[in-house]
Structure formats: C-alpha cells, structure tokens
Amino acid sequence: MPEGPELHLASQFVNRVCSGTVFSGRVEKSAVSKNCEVPFSCAAYLISAVSRGKEVKLTLTPIKEEDGKEDTKLDAAEGGNTLPAPMDITFRFGMSGSFKLTSEDEVPKHAHLKFFTKGKPVQVLCFVDPRRFGSWEVNGTWQLDRGPCVLLEYEKFRSNVLSNLSDRAFDKPICEVLLNQKYFNGIGNYLRAEILFRLKVPPFEKARTVLEPLLCKEVAAELTLSKKLKLKLENPDLLELCHMLPMEVINLDGKGYDPEHSDGSSAFEKWLRCYYVDGMQLLRDSNGRTIWFQGNPGPMAPKASKTPKAKSWRRKAVDESGEKSLLSPEDSKPRKGKVKPERQKTPKVPKDLPQKRPRSAKAAKEQIAEGLQTDAGTGKRTTRRSRKRMAAEPSPPAEAAKESEIPNKRPRKSRTKSGKGQKAPLERTNPGESLD
DNA sequence: CGTCCACGTCTAC
DNA sequence: TAGACCTGGACGG
C-alpha cells in the first residue's frame, strides 16, 4: 500500500481502530524479519500514529489503569507505579507494508510486528509486509534526508523544492526527480505518472526546466488573493498537484493502492487516469522503473528504451470530455501498432472468468501449513483481474523516437534475478525461514 | 514448470 | 548505475 496517501491512510486507520483501545504486554517481532526487536513491554498502553511522506510513526503511550487492579508484573523493572517511557517507532512500508487489525487466530501470514490488546477477545495490530522491504526503527525520528511531506507540509515542501533548484538533482528528468524523497517525500510511481499526465508534462523533460518557471510565479502576483486562488484551483502547477493528487486519493473511499482487492472497480482504480491505463505509453526510466505517460516522452528519454510489457490490472481511460465514444467493437485486438490515445468510456469490466489456476504444489503446501483457507467456499483468495496483454509498443505518438537499429532484443535489464544462475542457494537452511 | 512484474529503498563496486 | 533484498500473482509453454 505504499505511497504517501497509503501511508497517511494507514496512520488514520491506526488512530481509528486504536482509539480508546488499551494494549498490553510485549511487542512481538517475527523470526524472519531482519528489523530490530521492539523492546517495549507494558501492562497498559495506547497506540497512536502520524504520517509524513512515506513514513508512519507509531507512538506507544503507557497509561495508568483506573480499575486499580493493574498487574504490575509486566512493567516490573520499575518498582511499583512508575510508567515506562513512551516509545516511537518509525515505519517505512517498502513495496508491500500495511497495518491490519485482526483476531488472534486470524493473524496474517507475513505479520512481522504485533501489538496485542488487553481486552478480550484479544485483537492484534499487525504490521504486515509480504516482501519484507519495509522497515522500522525504534525511537527514531523521521528519516533525515527526506523532505517535507507533500500532503501535510505543503508550503515547506514547495519552498524546499523551489529554493534548491540549483541542486544537481534537478538536472535529471522530471519523472525521476519526482521519486527523489529528499524533495518529493510521499510521491511514488503511480503519483508521478498521474501528476505529469494531468499537466501533460513530458516525463523526460529536464526537471529544472519544468520547475524554474514556478519561481517567477512566486514573486509576481499583483493579483488579488481571490484571483490567485481561482487561478490556483483552475490551473494547479506541478508542485500543487504533488499535494492535490495525494489529497484526492485519501479522500476516495477505500485504501488507495490495493492490488489485493482490485477488480477494476474500486474508487482508486477509477481515479487513475494514466498509471496502468490502457492506451498509455510506458518506458523504463534510468533506474529501471516503469513510467506511464501520454504524448511526448521528452528530450531526455532513454534511447534504446527497454520496453516493459505491462499486464493490465485494470484498464480504462477516462474521457474527460464526457459522454462519447463507445468502445469500438474490435477493441479486443492486440492493437499492435499505434495506440491512439483514444479512450473508452466503459470501465471494461474484467471478464470474470474464475480462471481456475492450478496452484503450485509448493504454494498449496504452504497454505496447508499455514492453515489458510483458500478458494474453498468462503475464502476468495483468487484475484480476478483480467490481465490482458498490454499491446502498447511505446509507439511514440508524433514519432517522437527514432527506433534505434538495435534489434528488438529488449535488453531486459536483468533486474535482480537474484538467486539465479551463479548465486548459490545460501542460507536457505535457516530454520526460521518457514516461520514467515 | 518458468519468466516477468509489482506501490521502494539501500549499499557496494 | 547495477544489483540486492523478497513474495506472489499473472501468464506462457
């Protein structure tokens, strides 16, 4: 779940479900997680959360229980009635982190940190993170080198960018700079695509070129306040969109980016206009990340670009001009050549073929081991996104890129292929591994 | 079965 | 600027 909006929604979630709830005992870390233990134990404490960009901070606050009968055994170390000190834990979510609240016997696989309620039935607040790219730090502050939050510290964020445009960081293409958390704390891959799309800024235009004009804008302003406001609302600039779009996401119903529960119809999926939308182009940026966009890629576009083939997870393109073209009947064609920025109105509901997929033996085994129920009856663990092949060769619209004569080899930037080829099995023997 | 892809950092050459 | 770090879903053979 993790760009700025998802982190913020996570903090709201924690505050909502934990308000008035007393937690108790120790904080448990999974054996597999390489993150630090959380040395906190208390007979009674509260949990609250705040977010900043792509981080969330939980605060554990010991409290005195009113009912008299406190069992002081747990916070023994301090004699008698001294409460332990509060503790902050700062989380980053990596690619797959989230918080969930469950009953004790429904604790999800990949729950790597657990907080237990005092009351019965015991509930568990879990930090769940299948890929384990997420991390936490105890008694840490916000990570140094991350800039102000695009959501909650907009003015600071804006001036941090505009007063540092001489930084070499802004020599890079705007689409890459938007992922630089020193300046754009909270922006991630879907937000950068949506931001650039709304302004039709070529993703590989140099960042400074795009942002410098906003400097004059700062000073100018002979305008009345109301005029400025109007202008701003009607023509938000790029930095304003870095605030507004995340705001839009947190105000949707739902949890923001959430592939687990995506069927093409969630508010979030309908909100997307570019990222993973049918008909959009895509390229790999110099860090190997896929940038979705429409129109001119811009002067700094990678030359013999590796063309990621995307699968679709949902696929529609909103036609802002309202009612119009119904889907052309032969839309289901792979559309090899030009992908016209034509859009279809209909959300293109997934075919909904249950897609009986033989689960791998290994997976099945794990499921059994974990005692998870699967598609049997209740458990609807099968996701049904009709992933159709993305037919969009980058086919730059106005012939923006001369095809390099490099055979269409698709260099396939060997991304990580870890554990491949030469790499020895290594520590596969770790007994804790199966506990994940 | 295998390959590719995914909301993000990190550190090591 | 490459990998490394991970799991799991979709899809191809």
Side-chain angles (χ1 to χ4, degrees), chain A residues 1-10 30 32-35 53-55 91-98 108-110 112 128-135 143 145-146 172 176 178-182 184-194 246 249 255-262 268-269 272 275-276 282 284-290 292 302 306-314 350-351 353 355-364 366-367 370 372 381-390 410-423 426-428 430 433 436:
Chain A
M1 303 188 36
E3 295 185 23
E6 290 74 29
L7 279 275
H8 185 73
L9 288 166
S30 74
V32 274
S33 171
K34 292 174 182 162
N35 286 297
K54 270 185 239 178
E55 296 183 301
F91 290 83
R92 262 152 269 138
F93 279 13
M95 294 285 260
S96 60
S98 66
K109 197 180 175 186
H110 305 304
H112 296 301
V128 184
D129 182 16
R131 294 183 70 180
R132 279 182 264 149
F133 293 171
S135 61
Q143 191 170 45
D145 281 5
R146 299 191 80 103
K172 296 185 174 177
E176 292 176 17
L178 282 171
L179 295 184
N180 183 341
Q181 303 298 297
K182 184 175 174 189
F184 295 88
N185 190 6
I187 302 301
N189 206 24
Y190 77 72
L191 282 169
R192 71 168 177 176
E194 296 299 313
V249 174
K255 333 173 7 200
Y257 192 115
D258 182 20
E260 295 309 299
H261 308 95
S262 94
F268 176 75
E269 291 161 271
L272 292 173
Y275 184 76
Y276 259 105
L282 34 73
R284 211 71 80 115
D285 72 16
S286 74
N287 298 307
R289 302 267 255 144
T290 301
W292 294 77
K306 327 162 198 240
T307 310
K309 288 283 197 213
K311 297 158 253 201
S312 97
W313 131 48
R314 142 227 132 104
K351 294 296 203 54
L353 302 183
Q355 270 287 18
K356 184 154 301 177
R357 179 157 296 293
R359 48 179 71 256
S360 74
K362 185 170 129 213
E366 279 170 6
Q367 297 261 326
E370 310 292 336
L372 287 183
R381 297 204 108 267
T382 42
T383 49
R384 63 245 174 71
R385 328 163 182 170
S386 84
R387 293 203 172 242
K388 194 176 66 177
R389 195 138 199 79
M390 171 74 174
R410 179 187 323 301
R412 278 237 130 281
K413 173 169 183 134
S414 63
R415 249 170 119 43
T416 289
K417 304 284 89 174
S418 70
K420 245 290 181 108
Q422 19 102 282
K423 195 108 169 133
L426 94 113
E427 71 174 352
R428 217 40 218 165
N430 186 342
E433 209 64 356
D436 193 359

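Per chain, numbering begins at 1; letters A, B, ... match sequence-line order.
Within the 4.5 Å cutoff, side-chain heavy atoms of A:Tyr275 are placed close to those of A:Glu194.
Distance from the side chain of A:Lys109 is smallest to C:dG8 among C:dG8, B:dT9, B:dC10. Across B:dA6, B:dT9, C:dG8, the shortest atom-to-atom separation from the side chain of A:Arg284 is found for B:dA6. Residue A:Tyr257 places its side chain closer to B:dA6 than to any other of B:dC10, B:dT9, B:dA6. Closest to the side chain of A:His110, from the set B:dG8, C:dG8, B:dC5, is C:dG8.
Aromatic ring pairs are classed by plane angle as parallel below 30°, tilted from 30° to 60° and perpendicular above 60°; the pair A:His112 and A:His110 is tilted.
Remark: A:Thr290 is in phosphate contact with B:dA6, judged by side-chain N or O atoms under 4.0 Å from OP1 or OP2. Residue A:Gln181 has no polar side-chain atom (N or O) positioned under 4.0 Å from OP1 or OP2 of B:dG8.
Put simply, the side chain of A:Glu3 gets close to the backbone of A:Asn189: a donor and an acceptor are under 3.5 Å apart.
Rounding to whole angstrom units, CZ of residue A:Arg131 and P of C:dC5 are separated by 13 Å. Nucleotide B:dC10 holds its C1' atom 14 Å from the CG atom of A:Asn180, rounded to whole Å. Counting to the nearest Å, the P atom of B:dT9 and the CZ atom of A:Arg192 are 12 Å from each other. Rounded to whole angstrom, the span from the CZ atom of A:Arg289 across to the P atom of B:dA6 amounts to 9 Å. Computed from coordinates, the A:Glu176 CD to B:dT9 C1' distance equals 15 Å when rounded to whole Å. Rounded to an integer number of Å, the gap from CG of A:Asp258 to P of C:dG9 is 13 Å. Summarising the geometry, the separation between CG on A:Leu282 and C1' on B:dC5 is reported as 12 Å, rounded to the nearest angstrom. If you measure from atom CZ of A:Arg132 to atom C1' of B:dT9, you get 16 Å, rounded to the nearest angstrom.
Nucleic acid contact for A:Gln143: sugar-phosphate only, since backbone atoms but no base atoms lie under 4.0 Å from a heavy atom of the residue.
To the nearest whole angstrom, the two P atoms, one in B:dC13 and one in C:dC5, are 12 Å apart. With both ends at atom C1', the span from C:dG9 to B:dT9 equals 22 Å, rounded to whole Å.
For A:Phe133 and B:dG8, the ring-to-base geometry satisfies the stacking test (centroid distance below 5.5 Å, interplanar angle below 30°).
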Exercise for review: Check the pair A:Phe268, A:Tyr190 against ring pair (Phe, Tyr, Trp, His ring centres under 6.0 Å), reporting the backbone distance first and the verdict last.
Suggested key: CA-CA 11 Å; A:Phe268 176 75; A:Tyr190 77 72; 4.9 Å; yes
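Salt bridge status for A:Asp285 with A:Arg192: present, with a side-chain N to carboxylate O gap under 4.0 Å.
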